[in-house]
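Values below: all heavy atoms of this structure, side chains included; hydrogens, waters and symmetry mates excluded. A, B, ... follow the sequence lines: proteins, then strands. Residue 1 opens every chain.
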Amino acid sequence: MDATQLVKMVNDIAAFFVAEATPAEAPLAVAGHLRRSWPPPMRARIIAHLAAGGAGLNELSLAAVRCLAAGESA
Amino acid sequence: MYSIDHHDLGTPAAAGASVTLEIDGQTLTVPGGTSVMRAAALAGTQVPKLCATDTLKAFGSCRLCLVEVEGRKDLPASCTLQVAPGMKVRTQSDRLARIRRGVVELYVSEHPLECGTCTANGHCELQDAAKTVGLEEIRYPGRPAALATAEGLSPTNSHNVCDTSNPYFNFDPSLCITCSRCVRACDEVQGTLALTVQGRGLESTIVASQAERFIDSECVSCGACVEACPTAALSEKPLAIIGQPTRVVTTTCAYCGVGCSLKAEVKDEQVVRMVPNRDGHANHGHACVKGRFAWGYTTHPDRVRSPMIRASIQDAWREVSWDDAFAYAASEFKRIQAKHGRNSIGGISSSRCTNEEVFLVQKLVRTAFGNNNIDTCARVCHSPTGYGLKHTLGESAGTQAFDSVMHADVIFIIGANPTEAHPVFGSQLKRRLREGAKLIIADPRATELVRTAHIAADVHLPVRPGTNVALLNALAHVVVTEGLVHEAYVAARCEPAPFARWRAFVAEARNSPEALESTTGIPAASVRLAARLYATGGNGAIYYGLGVTEHSQGSTAVMGIANLAMATGNLGGEGKGVNPLRGQNNVQGACDMGSFPHELSGYRHVSDPAVRALFDNAWGVQIDPEPGLRIPNMFESALDGSFLGLYVQGEDIAQSDPNTHHVHAALAAMECVVVQDLFLNETARFAHVFLPGSSFLEKDGTFTNAERRVSRVRKVLEPLVGLADWEVTQRLSNALGYPMAYTHPSQIMEEIARLTPTFSALTYEKLDTLGSLQWPCNAEYPNGTPTMHVGQFVRGHGRFFVTEYVPTDERASRRFPLLLTTGRVLSQYNVGAQTRRTSNVAWHDEDRLEIHPDDAETRGLADGDWAGVTSRTGHTVLRATVTDRVPPGVVYTTFHFPESGANVITTDNSDWATNCPEYKVTAVEVTCVAQPLDWQRRRHAEAPVVGRKSKDGEQRKRDVAAT
Ligand code: SF4
Ligand code: SF4
Ligand code: SF4
Ligand code: FES
């Protein structure tokens, strides 16, 4: 799946939670949204994109995908 | 002529305190406000009548229903006389009989005596009246009978000529008794006010608009007047062609989310009429031009009658037996899974199909396919409603019954156009507005309700496409900063911390109407006025549609709406609420039935082990705990080679989904596409297996409308292709090796009830007894739940969400300076597969581009010119309509015809939470061009359209031929 598209999708989700959640909660909220609505291949793809530098992901998105990656490997 | 099985009580029901009276010596108790006529009918005595019927207010003009009342010298009309305590009424006496006979004799003497050949014979109320009063001979000379039929009225013979201009019904003035029931039906029931009585006495006649032909008048062909007419003066054309119906089956309309209850009247396995059910809970005896008349597609020659297969989409189709089709589809799906893994195939269910069918498709995917790759077309319309309302209120559904609007004081419509897209609810809304309710409309266009007969919006907020969230924040800002929050309600019913955060957020100066004026394009004063009206005007009810959901911030806007309703205490009672107007008939049901990739029926997440255990045990499989692919994810995965097989039931994704080129490429990349549909639709061009579908007339099941109302769909005719859709899914599942053995859809509903807490007490027997009911239907609410969130929210405390406005990426620029938005018209339905195959094209036979006069002028475009529309993704050509219905900077089109290519130009932007496409905002440039594109002309020539009739269409055909 095209990483550019996934990056845009994560950034869009982050744009909602950056205002809605506190700075401490926001990465978890975005990661939770991804875990509940994205199928595993999409999550794996965005985690791989993070591992490759995470180009295009904004600050909250980076934190969120890190959270997601930690949760997936836990 | 009302339905042949309707027993008319003469006047509408009343609801006053009980009154006891005596009629013909029989004592009875009825609600106060009831007419004597209705009371007598309830007691089993039919007082003869002509101008009264129980959907209309009593009028008292025919003087046939006179009765004697003890203590009164005069003879009052029983239809206008209300019951009173202790009243003693006689409905029969020699004196009454004499007078009534005289009245009927006068009517009959003016009426052609051709009952034997009349379409209403046996169901004509004048005939009934003559029989009841024992009229045997007529003392007055009659009017000439046998009047000519011609294609229109001429001023000289308007009394005599039958108007056949409407494709569905005729008006024969010679059969008219000037009871004005049609006029009152058009006013009171439909709210269009198209008819009037012209002239006086015996010379009086009924005219449409300015004495025009029906087709040229303001008439919207709802059929209310035809249903109300006591004679054959207004009568459906098939009555004359097929003859009178002999049996009646009550079912539910398969078009929009109003879900009107209709009576299919049948003769010799042919539907003669669809008549609105006066006992229907969603429609109370009303319908629109689609449900009432546009069912001809069900027998259209284009219907595919045999299963077909082909190895490649370049090959021609080959007709095969059902068994061969199932075996081929199953072997292909298995081959793909063996090679590419369990998750390489999936399914799409349809909002046009029944709950039982949708449930079965998702069951097939989760069992026979063994994955969660199931999605539904609600993805592209109301998925943000599910997300937004679940998170704020706790349930993914509208909060009210339609009837609740009759208790609303302020009605706020945002991103919806009910008189076009939800017409029967639109009519009810108009009734409430004529009673004095206030109206706020937020819409980029001046929709009909902004100004129409006897109705004008109190505030119109012409919001710039893509800025709904900014508008909602500005409205909330006024509520919070002007002290209009319902503090006690919020304190008692909502979570305090999120409310405090939300309150602080919307109070920020950047969210004020003034600060957001340049964003939304709406004068701050209008926003302030609207907010004050909604917050302080009494019961406030919000209705919204796809103009809210189909945006990159669709879910945020739904939450913004819920925030506003909670803050002002407008949830949990009659006349209030948050009401999504669903596009298709069963969008609500398709969502309820678990056809989202992350949710099982009743909106329960697949990651919940307890929920999965329930299904694992019932189905004997292990449900995947991970969410599956959404429709756009399926397309992406097809393009990267990991998703290669798709079963799509009743949904034309190749036409309805955004960014057509992308969708077509994805479909073309798949190895096995199985399409189940009535017609060879656009998606079928990419299919390898075609399974012919059955129409709503050919199956049993249920639909759930926008108010959560579950209504029965009943089999009227045998399936044209031998199998109903649920049977096709079942046979496919069996071929795949997962056995299903239902013998009737009621068994599927039993399974749904066993597995879904919100449906646990719902049975077909109960639906038969009650007519319909609104879920939740369980031990706590055994007869359903008209109003939700009474006392407390489903999630416990209501949850406010901070709704930051994030502009869409799809912004106007120098290259694309205009914003295109889309909508629907009354006579057509979605991608038009059904309505284009009916005479509804008489009203709308092409999609047009509405453009403001200023924008047209700068581009040298005149009304009727071809306009090239170019976006970042594509290009199409539409004919221009120059109108100030749209503001400068905004253009608008409908999307009912494939050759319009509306989705060739829409982008693949989507809602952040649900990936619902952003259909409502596309930046475009418009230019004047000479002709449509080659592919459009080819498609136009191929398009199955029942005789395009309107002048524009004729003109266009000539143009197309000439180019
Ligand atoms: S057309 Fe029918 S309903 Fe209308 S006035 Fe004549 S008889 Fe009555
Ligand atoms: S069909 Fe409907 S809109 Fe047309 S005249 Fe009759 S009631 Fe009015
Ligand atoms: S309003 Fe909707 S449900 Fe009712 S008849 Fe029209 S299309 Fe059918
Ligand atoms: S039915 Fe009562 S006056 Fe006509």
Visitor: Between B:Asn473 and B:Thr803, is there a side-chain donor-acceptor contact under 3.5 Å, judged purely by atom types and distance?
Guide: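 Yes, B:Asn473 and B:Thr803 have a side-chain donor paired with an acceptor closer than 3.5 Å.
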
Visitor: A:Asn58 pairs by side-chain contact (heavy atoms from CB on, under 4.5 Å) with which of A:Asn11, A:Val7, A:Val18?
Guide: A:Asn11

Visitor: Is B:Ser607 close to chain A through its backbone or its side chain, or both, or neither, when contacts mean heavy atoms under 4.5 Å?
Guide: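 Looking at B:Ser607, just its side chain touches chain A.
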
Visitor: Would you mind telling me which of A:Pro40, A:Ala15, A:Pro41 has the largest number of heavy-atom pairs within less than 4.5 Å of chain B?
Guide: A:Pro40

Visitor: Can you check whether B:Pro917's main-chain N or O pairs, donor with acceptor, with B:Glu550's side chain at less than 3.5 Å?
Guide: no

Visitor: Only pairs of heavy atoms separated by less than 4.5 Å count here; which of B:Glu599, B:His598, B:Glu626 has the most with chain A?
Guide: B:Glu626

Visitor: Do B:Arg799 and B:Phe801 meet the cation-pi criteria used here (NZ or CZ under 6.0 Å from the six-membered ring centre, within 45° of the axis)?
Guide: yes

Visitor: Heavy atoms only, distances under 4.5 angstrom: which of B:Pro597, B:Ser555, B:Gly628 has the most pairs with chain A? Name it, please.
Guide: B:Gly628

Visitor: Which answer fits A:Arg35, side chain, backbone, both or neither, if we ask what part of it has an atom under 4.5 Å from a heavy atom of chain B?
Guide: backbone

Visitor: Please classify the contact between B:Tyr387 and chain A as side chain, backbone, both or neither, with a heavy-atom cut-off of under 4.5 Å.
Guide: side chain

Visitor: Highest number of heavy-atom pairs under 4.5 Å with chain A: which of B:Glu636, B:Arg630, B:His605?
Guide: B:His605

Visitor: Of the backbone (N, CA, C, O) and the side chain (C-beta and beyond), which part of B:Asn915 lies under 4.5 Å from a heavy atom of chain A, both, or neither?
Guide: side chain

Visitor: For B:Asn371, does its backbone N or O pair with a side-chain atom of B:Asp624 as donor and acceptor, under 3.5 Å?
Guide: no

Visitor: Does the distance from a Lys or Arg side-chain N to an Asp or Glu carboxylate O, for B:Arg501 and B:Glu495, drop under 4.0 Å?
Guide: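 A salt bridge is absent here (no side-chain N lies under 4.0 Å from a carboxylate O).
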
Visitor: Whether the side chain of B:Gln337 engages the backbone of B:Phe369 through a donor-acceptor N/O pair (distance < 3.5 Å, no angle test) should be reported.
Guide: yes

Visitor: Tell me, for B:Asn372 versus chain A, whether the close heavy atoms (under 4.5 Å) come from the side chain, the backbone, both or neither.
Guide: neither

